[in-house]
Each structure stands twice: as structure tokens, then as C-alpha cells.
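Below is one structure; the comments refer to it alone.
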Amino acid sequence: MYNFLFNSLFVHGFSAISYIILLLVLSVSWIYKKLTNEIENRSLYHKITLFSCIALSLFNLLLCGINYFYFITNSWSHEKIVCQLDLVITAISWFAISAYLYYFHHLKFPVFLKIWWVFFFLLSCYCVVFDVNHSLVPIHLWIKDVVSFVIGVFFLYVGVFCNKEGEQTFLEKPLLGNGDDGLRKSTLKDNHEPPFSKAGLFSVLTFSWLNPLLDVGNQKTIGLDDVPQLDSRDSVNGAYPIFRNTLYSYSRNSDQVSTLKLVKALLFANWREVLFTGFLCFLYTISCYVGPYLIDNLVQYLSGHRDFKNEGYFLVCAFFFAKLVECFSQRQWFFRIQEVGIRVRGAVIASIYQKSQTLSSQSKQAHTSGEIINLVSVDAERLGVFGWYLHDLWMVPVQVILALLILYKNLGLASIASFLATVLVMLANVPFGKLQEYFQEKLMESKDGRMKRTSEILQNMRILKLQGWEMKFLSKVVDLRKNEEGWLKRYLYTSATTSFIFWEAPTFVAVITFGACVLMGIPLESGKILSSLATFRILQEPIYSLPDTIAVVAQTKVSFDRIANFLRLSDLQLDAIGKLPEGSDVSVEINDGNFSWDPSNSNHTLKDINLQVFHGMRVAVCGTVGSGKSSLLSCILGEVPKISGTVKLSGKKAYVAQSPWIQSGTVEENILFGKEMDRESYERVLEACSLKKDLEILSFGDQTVIGERGINLSGGQKQRIQIARALYQDADIYLFDDPFSAVDAHTGTHLFKECLLERLHSKTVIYVTHQVEFLPSAHLILVMKDGKIIQSGKYDEILSSGTDFMELVGAHKKALSTLKSSETGLASKHAKNIHDNDSMEDSNIDTQKEERNIERDSKDEIVGQNAQIVQEEEREKGRVGLQVYWKYITMAYGGSLAALVLVILVLFQILQIGSNYWMAWATPATKDVKPLVNASTLIFVYVALAIGSSFCVLGRTVLLATASFKTATILFNKMHICIFRAPMSFYDATPSGRILNRASSDQSALDLAIYNQMGAFASSFIQVVGIISVMAQVAWPVFIIFIPIIGTCIWYQQYYISTARELARLIGTCKAPIIQHFTESISGSTTIRSFDQESRFMDTNLKLMDDFSRPKFYSASTMEWLCFRLDMLASVTFAFFLIFLISVPEGTIDPGIAGLAVTYGLNLSGVLGWAIRQLCFVENKIISVERILQYTCIPSEPPLVIEAHRPDNDWPSHGDVNIRDLQVRYAPHMPLVLRGITCTIPGGMKTGVVGRTGGGKSTLIQTLFRIVEPAAGQILIDGLNISTIGLHDLRSRLSIIPQDPTMFEGTVRSNLDPLEEHTDEQIWEALNKCQLGDEVRKKEGKLDSLVTENGENWSMGQRQLVCLGRVLLRRSQVLVLDEATASVDTATDNLIQQTLRQHFSDSTVITIAHRITSILDSDMVLLLDHG
């Protein structure tokens, strides 16, 4: 009975009959299902089961071919015929099951299939027991039974337990028909739980925990909501505290942070992961060298030299097991090291953000926002990537030692020559490494300078366009880029040279080694040569990666230094502000205070300040421009470095800055500012700040999204939102820095009365003002001059006690007396109109309340996010179009270099294969066989082929560097020209973070990565073709398995890429909000600190970081998911190839050539995985090109110059301005802002434009400068229609002093005369006229005195005077003043008016003013009401 049951004929016959019965049952079931058309729930594990069935079908089909070939060479018998029949029927049956499951994918598994799967598991167990008891079973049948047993275990689980997990019981089914919705919601909820946290060991090893995400990505375009959360250890909330505590344990104070301490902190914060990845790296290294070690044994085996029975099967198992270990260890190593990179990046960026919020004023001047953004977008990113190269530093010596041991085994003392050649090659890299570090450092410095200037320009683009300076400033950015390009070119060609040396290093080492063998008389056998070649090929990895490692170490060292330097910067003084004891009547107390923005300067900003303010007091601070008023408030906030004295406060404080700081977000978010909504208090605040009517007008009310820096609000709206923010906080001490200058007189009076006198009557209020009418209400008035309080007391007291206060009040009274004598009639005539006007603002969404009410009900239903001015960043969806690749490749030299690189790569591969083929063919398999050629010929031909391949490598590296540089340069220029020529509507709707992200991160990808990765993919692909060619040439039947394997690889890649592509796009779009938040937080750091909101803003930064890290983490993980599967397929292919080699009869295949094929086959998994990996990298990185190309297609403004319509050189000679039926709207779908204005301003006339805020005053000026184009009507200047001439011709002939005074980083000279059109004498004359001559003479550099970013080292009033100096230099016939004196005191205002009267007496002056005194000298007044 035993003999019968374990007879080969019975086992295969029983198996075949079982499958035939299954096929019959399957056919009956198929027909029944087609007739009944059932609808049931789909079973769990349906896809995995289908895939397993397809795999078994293909596997058995392959075995049919191998079995047929095996039995042909060993004669046929009855048992063999039955065995072959069994394999054929098995393959057909599994194919039929696959078709059944695919066709009825919506149905649950039928009962007969579940029974079959249980039976199949038992049958596979039976076959394995049979194999164990029969030693003569062929190895391929052994493998078939083992594979069947493994898959049978899975089928057993599906057959027995699937019902319990996959089906709903009667009680679990939904009562109503929305069960699918509930299931979907449940799935969505589960999707947000970190799948990695709850994954089991098998799932972690195979990355199966990513299957749900990939499944979703194949069904739809995924968004951020579809990406699961991070594990708590990978979240910034988890990583940052550990890093911060570790760093502070090494350096107690921030100024003690050094590069070494920063590196130690990052390593020790992640020491477990670093050690674990180190172990995986070591395991991978050991497993890599098993193949080269065994190749000589395999060649000897194929030559007939066998040391023990079944040695061939042992060798196959050893090769296969080593490949499995290599696959598992490498994939987990790569995944874990990227996980560490994400933690490091998050922790470092959080530290940079934290530091940026505590920087002292001096540190801020030394590091502008552009430089800080570069630290985040480039340096922190580089630290995150460094993990890839972390273990190379110790792994390279280990790999070299292992290689030398194998070489010594094969070649004896000739291995010493190998060692010396390897050391020589590595030492040759030292000077190149130093050069790369130097060039990288210079490249980053130049990039910093460019980003700093770009950031400043983007923030002030409106001013540049009004002045007609945008192309001049573009040329400055281009000049900075040219400097950067110089370093980039040096860096790229140094990298190319390094790559050339190390690509050729294995060939160089091989030539030296084999040459030493010939000289030393060591016999060269094909097995030993192939083993050595395989070793050199593996040694190529550390040698080839060494230049990359050194370059990255150099880059990372620079980044570590830069970040450490930043973290070392001085902070605000922690002890600057003291606390008064509880119950004290005093709110603010300053004793003997001396403060200076520059502590090294002996001339302090504030001197001998003594001040005591009691609870409930209103304190007014006044004085001339630059007297230290704003600095006094800053010292109370602790912003100005304290030299001596004490500052003490009692209670919470709120601060309203002179320049409004508005966050991107809704109006409500800006007012609440992190506080809980109290509807009653909120409504009262809106009423007090005159915001209710504005909110009624806005399309979305207080849910309207404000653009970056409040771009879609007027100055008055921004200021009132700032005041509302302060009022809502219900603080104890309020500091107002001249907030009423940006609003009209009526609104200013209303705000002062409602806010300061009523809402804050019981609070301590200190307010800076230039408006004398607000002084009598103060309990205490401080008069400042040259940084000192020269007078203090009540209004009546100090009016008679000093000349300085008298000057301010006298100037005001003089202006009022002029007003009363000349303008009373006009004022009273329009008083009612002004009072009744809505407090509307000239924003791009203004309209009348009446229209809004009529349209609101109908529009609210259909208006979506598109109506908001700032929309979610545009993100391409689906596959990156081939035209993007084509545009990129053909951008430089029409793509000729790319074609040449491909030819060179093919030639290089042919020469490489040829040289190895020559060595394998020309050397004997054993020492007994006579060589086909003599030793000198052998080496000569090998060296000739090696030199040929060297030239190919040199050509490839140089051409790639050239193409990369040229393409990056062209795209940079195209993008920046489009950005600078874009209309202002583009900047209104586009946060600068999005533009900076493209100019920084995406441009870096173009500069350094994309072309090289394309070259690496092309090289890898050609290598795969070469490997398949060599293997198929030796054993052509193996080519049959390549077809399904490559098909499966492509299917996997396609399945993966739909998710990976969208994750890469999400990475791009999620980075911009981080940069934008950084920019806003840096510019508003004073406001954030004054409200004690640092922790909330830090939390927001951490959330944005996690939103960026999530797609980053899952993008890295899905890549490993793909590579693991590709590696496994390649390993299985290699195993079948080895089985074929040991199964063919001895002498059928040349052992040397077979060994060569094995040598190449060892690299199959690595090269195939690398090729697909590079393809995916290219697909992900090409998104940077796609994003930059988006910004090369921005609609442009009208031409700067129209040659056919150029105005005369002296135009406008008279300055006549004729406005005819002018209608303006900000976008085609938006309502009119100006509604048919018609008026004439004769040349030389002074015209005042007045009206409540929102009447359309600023819109009229923007139309005059064609910032906004008219919807209808026209403006003629001296009879010339301004719409018919170029923008530059128009804007360069007009002058404007804008509402927001702007200065740029540089010198006094470059700020007054950026176009370099005037002499120093003319500049000094202009400075004297605008009352700044003495101020500039005091400075050490005179006209070359430094101006910091945004002119932060000049007061607001001084900046306004600089703007006056610009127009005095230009001397245009038409001058526009847009709230030009809003930030200066009345006395200075009078001086400005006097200067303008004197020097622009013949010019047409159009003045927009909130102060009646500013338009007293006007010949005409234009009153605007609702446009």
C-alpha cells in the first residue's frame, strides 16, 4: 500500500484527475452564474487570490517547458508522460480559475472553490512528503511542490476564514440602502489611522500595509485627505521634542550650538534607527558578495568538477538565499533610512522656525527672510537626504576588504595590486571632493543672495510696476543668477570629472589586477576571472558612490554649518521685560532706560527714558519723523536691545503696528487670532472698527480669504482689521503705532472715539500719533526728539512749556486756519455725502451693498472656492504629459545632446559586454585546458576595449552636465521673464511662497538632479537589455520567462506610478504653505510675540510640516513597495536561470560563457530595480519641470514698448489728464469698481481726490498707471490715449509717492536712483529738498550707507521722505501722491507740501489724501463716491 501511494505514477495521475474534476465543476458553475446573474458582496482578499492563481498558472506553464526540455535530454517513460500531462492540466486549471475570479470579481468565492483550496493545501502537503521520500525527484518539481505548499497555506486561510472577515451576517447588513456609504465612511476613517503602526511582521517585510493606499490611488486622483497619518514617532510632534532636548543637553545656550553638537543631537535622537539600518546595511553587504564568491565553484561544476552529490542544487539554493537576504535587507534599509530623513528634516525645520521667532533685531538684519527660506527649502532638505549616504562612510572599507578577500582566494598575491589600484582611485578623489565642497558652498551663498533679492522684489512688485522698474530689478536677479551659474557650472563639471574617474575605476582596477597576474605568472582561468569581474562590478558601487558620498558630505557639511550658524544667532533679551507685582496700580514702568537697535553704536536710539503709566491711562506719543516714537513702543515690547535701566509691565499686552501685518486666511481668523469665538464680543468689535459694512460687501463676508500681506484689501481695511484683532484679545495694555494715518479723517475720528475712548476706556493705552486732534484726549502726552522724551504732561500743561510741542500744534493750527478761510464752503457742501458713504475699500471685490443684496441669494448657492482671490495651488493631475518630457529634453540644443548621450550609452554597454566576453572566452575553464590566446594579446585587447569605454563615459558625463546646465538656465530665464511681466492680478492671487518654492526647490532640481537621473535611467535600461541579451544568448529558453516577468514588472510600475505621481505633486504643493507661513511669521514676529501667540504659530508650523511629511513618507514607502516586488521577480528569474544551467547535460554550454551570464545575472535584480527606481524618480522629479513650465505660460501684461506708438521724448509736456467714461473692474466676472467717470484735469493744476475709504480713489490711480486696464472708456494725457502706448513709456513718464513707503535692501543711492540715471550732486540736492540730507550725512557711508531688507533700519516717516526724493529726481510733468504724508507728522507734512509747491509748480499733481490739510493748495477737488 505504501509503495502504491508514494508511486510517481499514482501521485501525478491522482493530481491530474483532481484538476480535471475541478475544471468540470468550474464550467458548470460558470454557466449557472451567467444564467442567474447573482448580486453578492465581494470577498475579502479577492485581488491577492486572483494574483496568486495567475502566478500559479504562469509558474506551471514555465515548469511545462523546463520539464519537457529535461525529459527530452533524459529519455521518456510512462511516469514522465503522466508528470508532463499533470503539469499541463494544472496550468490550464489555474488559468481557468483566474478567468473565473476576474470575470465574477463582484461575487463572493463559491463554496466549491473554498473546498478546492483546502483540498489543494492537502494535496501540496502530500506532494512535499512524496518529494522528501524520493531523492531522485528533479529539482524543478521540488520547487513546484514547495511553492504550491506556500500558496496553499494562503488558500487554506482564505477558504476557512474568509467568511468571517469578508461577509456581513444578516444582522450586520444595513436596514436601508446606504450601506455602501457607511462602509466608505468607515474605510475613510480607517484610512486616517497610521497603517504602518498596526502592521504585522509579514506586512512590514513585504510593505503590504501600503496596499490600501495604492488601491485608492488606482481608483481616483488622491488628495491630501486620502494620505494616511504618520506614526507618532515620525510626526514632527514626536521627533522635534526629542531632538530639541538632546541638542540642549549638549549646549545649554543657543549661542553654544556648533556643527558637531548639531550632528550629535540628530544622531542620538535617532540612535536606534541608525544602528538598525547599520545592521541591515552590513547584512546587505555580506549577501552581495556571496554570488561573486561562488561563481568559480559554479564554473567548475559546469566543467564537470563536482565536490559532492547535488552540489549544483546546493549552489542554486545558496545563490537564491543570498539574493533573498540582499532583497529584504536592502529594502528595509532604504525604507528605514528615509524614515529617519523625514524625522530629521521635520525636527530641523521646526528648530529653524522656533529660532526665527526669537531672533534679535541685529540677527534679523544679518539674516533676511530669503536666507531663512533657503535654510528650510534647501539645507534642511539636504540633511534629510544625507541618511542615504550615512553608512557609506564605514561601508566602503568593509566592501573593499571583502572584495580583497575574494580576490586573494582567486588570484593570490595579485590582489595586492587590486588593493593599491583601489586606494589610488580613492585618493584621486580627495582634491575633487574639496573642490566640490568649495563650489557647493559658493553655490549656496549665491543662491541665498538671489532668493533674498527675489523675496524682496515679490513683496514689493506693485511699487516696481508703478515706477516702471520691474525689468531693472529683473536684470539684478539675472545678474545674481549669472554669478550662481558660474559656480553651478564649476560644480557640475567637477562632478562630471569625478563620475568619469569612478565609472572607469572598476575597469582600471581590473586592468591593473589582470596585468599583475600576467607579470607574476598567475594562471588566469575563466571561473576566477568571472568571480573577479563580479567582485569588481560590486566594488564599483562603493567606488562609484564614493564621489556622490563625498559630494553629499561636502554639501551636508555646508548645510550643517549654515543651520548651526543660524541657531547660534543672538536672541531677544529674555530679561528685557520684568513683571510688576500683582495689585500694582502701575501698568508700564521704565526707569533710566537706554536702548539701541545697534548695541555696538555709542549713539543710542533711546536715551534716559523714565516713564510711569498707571492703569486706565491714555498716553499719546508725538514728535517729528525719526524722533524714536515707534522705538519707544518697541522697547516696551522688549524688541529693542536694552543697554541699561529696567522695563516692567503688568498684564497682557496687545500691539497694533504702523505697517499692517495681515495673515493669509479669512477675515474672521485674522480678528480672532487664535482666540475662541465669542459672537457677542466679536460683533461689538466689528461695530467699533467700522467693519460691518465692509463684510456685507465682501462676497463671503468674514469668511473671505485675504491674499498674502492683505493684498486684496486697502490700507484702511488692513489697519482696521489689525485694530479689531487687538480689541478682541481683551488685553490690559494696548500699544498703537499711528494706526489712524491709513484711514480717512472721518473713519479715524470714529475709530479713536469708539475704540480708544469707549471700548478701551478702562485699559492702559499708549498711542503714537501725528494727528494733533487726538492729543487733547490723552491723560499724558510724551513729546520726543532725537530719542529722548523732551516734554511730558497734559495737553494744556506742555503747550506753554516748550517750543517743540508748539511747533507741532502750530503747524496743525496753521493748516486748520487755512482750511477755514478757503475751504469751508466745499467741506460743508459735501459733509452729508461723506457722512452717508459706506466705509467701502478699493479692493478688487468691491461693489455696492444694494447690488450685493439683490444678487446674494442667487449667487451664494453657486459661488464656490473659485470666487476667493487666493485659491488652492493649481496641481496637474494624472500622468505627466509626454510633451513635458519632450520640452525638457529638446530645450537645450534641440535635444541633440540627449540623442548623442543615448548613442554613447549603447556603445559603452557594447564595449563593456565585449571586454568581459573576451575575458570569459579567451581564458580556459580549468588549468588543464590550453588558453586560446597568449597573455599579452589577452591583456592588450582588454585594455583597448577598456580605453574605448572610458571615452564613452567621459563623453556621457560631460554632455549630461552641459545639457543639464543649459536647460536649467533657459527655463530659469523663461520663468522669471514671465513672472516679472505678469499682471498684478497674478500677484494678488498667488502667495509669494508658491513662486519662491519654484525659484528655490524646483530650480535646484533642474540645476542638479533631473538630467542626471534621466541619464541614470537610460543607462540602467540599456544595462537591463544587455543582461537579458547575455543570459538569453547562453540559455535561450530562459528568454521565455523574461517576457511574463518584464510584463509583470511593467504592470507593477504602472500600478504604483498613479499613486506615486500624485504623492510627488502633493509634496510640491504642500511645501509652499510652509514657506508662506515662514515668510508671514518672520515679517509678523513682533505682532506674534506681542500677543504671546508663539506657541500657536509653532503648532501651525508643526501641522504644516506633517502635511508635507505625510506624502513624503508614503512616496518613499511606495517606492520600496515597488522595488521589493521587482527584486523578488528578478531573484526568481535568476533562480530559474541557474536551475536551467545545472539541468542541461554537461558540455552543452561553454562553462566560461555560462559563468559570464551568471555574473551578469547577479546584477539583474539590482539593475532592474535601479532602472524602475530611476524611472519613478524621473517621473516624480519631472513634476518640478511641469511646475516651472506652468509659470512660463502666465498671461503677460501689455507690451512695455510699442515701437509704432512711442510718445515724444518730452511727453507729457503739459500734463493735461482727460478721463472719458472710465469703467473699471478687477476681473471679467467681478462688478464695476469705477462706474463711468468723466473729468478733465488741466495741465499744471493741483487736484485733490477725496472720498470715504473704498470710494475708488486708489483704483483710479492704478488705472492711470495701467496696473488695471479699463473695461470701457479711456484716459488721455496731453491728448494721447495711454492704452495705445507701451507700459514702460507710460510709467516712466509719470511719478508716484505710494501709500506704503518702500525701500529695498542696498544703499541710499540705489534706493533713490535704482536705474542709475543721476549724479551724486543731483541725489544730494534731492535729499536736501526732502529734509533727509542731514540724516544721511550723519551716517558713516553717506550715500553708500546700508539699507536693510524692506528699509527696516529707517522709520516709516523717513521711508516716505525717500519716496519723495525719488520723484524730485525724476521731475515728471504728472505727479501722483497716494496718501503720501500719512506716516509723517503735521510739521513734516507742511514741509513736504511746501517742497512740492516749490518744485512741481508747473506739474499736474493729483493728491489722494485723508487729511484735509494735504489738499488745501489744490486747485480742484475730485470727490469719489462708490466709484
Side-chain angles (χ1 to χ4, degrees), residues 418 421-422 424-429 431-433 435-436 489-515 533-551 896-919 939 941-965 1008-1027 1029-1030 1159-1160 1163 1166-1167 1170-1171 1174:
S418 304
T422 304
L424 184 66
V425 168
M426 288 182 170
L427 287 175
N429 194 61
F432 289 106
L435 270 178
Q436 276 186 311
K489 189 182 284 187
R490 292 183 184 96
Y491 179 80
L492 285 173
Y493 284 116
T494 306
S495 298
T497 309
T498 313
S499 293
F500 160 68
I501 291 171
F502 286 95
W503 256 109
E504 277 309 299
T507 309
F508 172 73
V509 174
V511 167
I512 296 295
T513 305
F514 296 148
L533 286 174
T535 305
F536 294 144
R537 189 181 281 267
I538 292 177
L539 195 59
Q540 182 183 15
E541 184 182 332
I543 294 179
Y544 173 59
S545 66
L546 191 62
D548 279 348
T549 304
I550 290 174
S896 56
L897 292 188
L900 200 54
V901 167
L902 275 177
V903 172
I904 288 172
L905 285 172
V906 171
L907 188 59
F908 170 73
Q909 193 61 32
I910 290 170
L911 290 171
Q912 283 280 295
I913 292 173
S915 60
N916 293 335
Y917 198 95
W918 165 257
M919 294 299 286
I939 295 299
V941 172
Y942 187 71
V943 168
L945 291 169
I947 290 171
S949 65
S950 299
F951 280 114
C952 289
V953 171
L954 181 62
R956 187 198 83 168
T957 53
V958 171
L959 288 176
L960 277 175
T962 305
S964 177
F965 174 77
L1008 301 170
I1010 298 177
Y1011 235 108
N1012 285 329
Q1013 285 183 336
M1014 281 186 165
F1017 165 68
S1019 175
S1020 304
F1021 178 76
I1022 291 166
Q1023 270 186 283
V1024 170
V1025 173
I1027 290 170
S1029 302
V1030 171
T1159 305
Y1160 273 89
N1163 291 295
V1167 175
W1170 184 248
Q1174 288 305 312

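The analysis underlying the following values was restricted to heavy atoms, covering all of them including side chains, and did not include hydrogens, waters or symmetry mates. We count residues from 1, following the sequence as given. No experiment lies behind these values; they were computed from the predicted model shown.
In this structure, Ala510 and Tyr942 approach most closely via the heavy-atom pair CB-OH, 3.4 Å. Here the closest non-hydrogen pair linking Leu945 and Ser915 is CD1-CA, 3.4 Å. Contact record, Gly1026 with Ile913: CA-CD1, 3.8 Å, taken as the closest heavy-atom pair. For Ala496 against Val958, the heavy-atom pair with the smallest separation is CB-N, 4.4 Å. When every heavy atom of Gly515 is checked against every heavy atom of Ile939, the shortest pair comes out as N-CD1, 4.0 Å. In terms of heavy-atom proximity, Phe500 sits nearest to Ser950 at CE1-O, 3.2 Å.
By the side chain to side chain donor-acceptor pair (under 3.5 Å) test, Ser418 is found to be paired with Thr513, residues two or more places apart in sequence or in another chain being considered.
Taking CG of Leu1008 as the reference point, atom CD of Gln1013 lies at 11.0 Å (rounded to 0.5 Å). Taken to the nearest 0.5 Å, the CZ atom of Arg956 stands 11.0 Å off from the CG atom of Leu954. Atom CD1 of Ile1022 is separated from atom CZ of Phe908 by 10.5 Å, given to the nearest 0.5 angstrom. From Cys952, atom SG reaches atom CG of Leu905 across 8.5 Å, with rounding to the nearest 0.5 Å. Interatomic distance, Tyr1011 OH to Leu492 CG, rounded to the nearest 0.5 Å: 12.5 Å. Here the straight-line distance linking atom CG of Leu959 with atom CG of Leu902 works out to 11.0 Å at 0.5 Å rounding.
Heavy atoms from other residues, nucleotides or ligands lying under 6.0 Å from CZ of Phe951 number 12 at most.
Thr494 places a side-chain N or O within donor-acceptor distance of the main-chain N or O of Arg490, the cut-off being under 3.5 Å.
A donor-acceptor contact closer than 3.5 angstrom is absent between the side chains of Tyr493 and Thr957.
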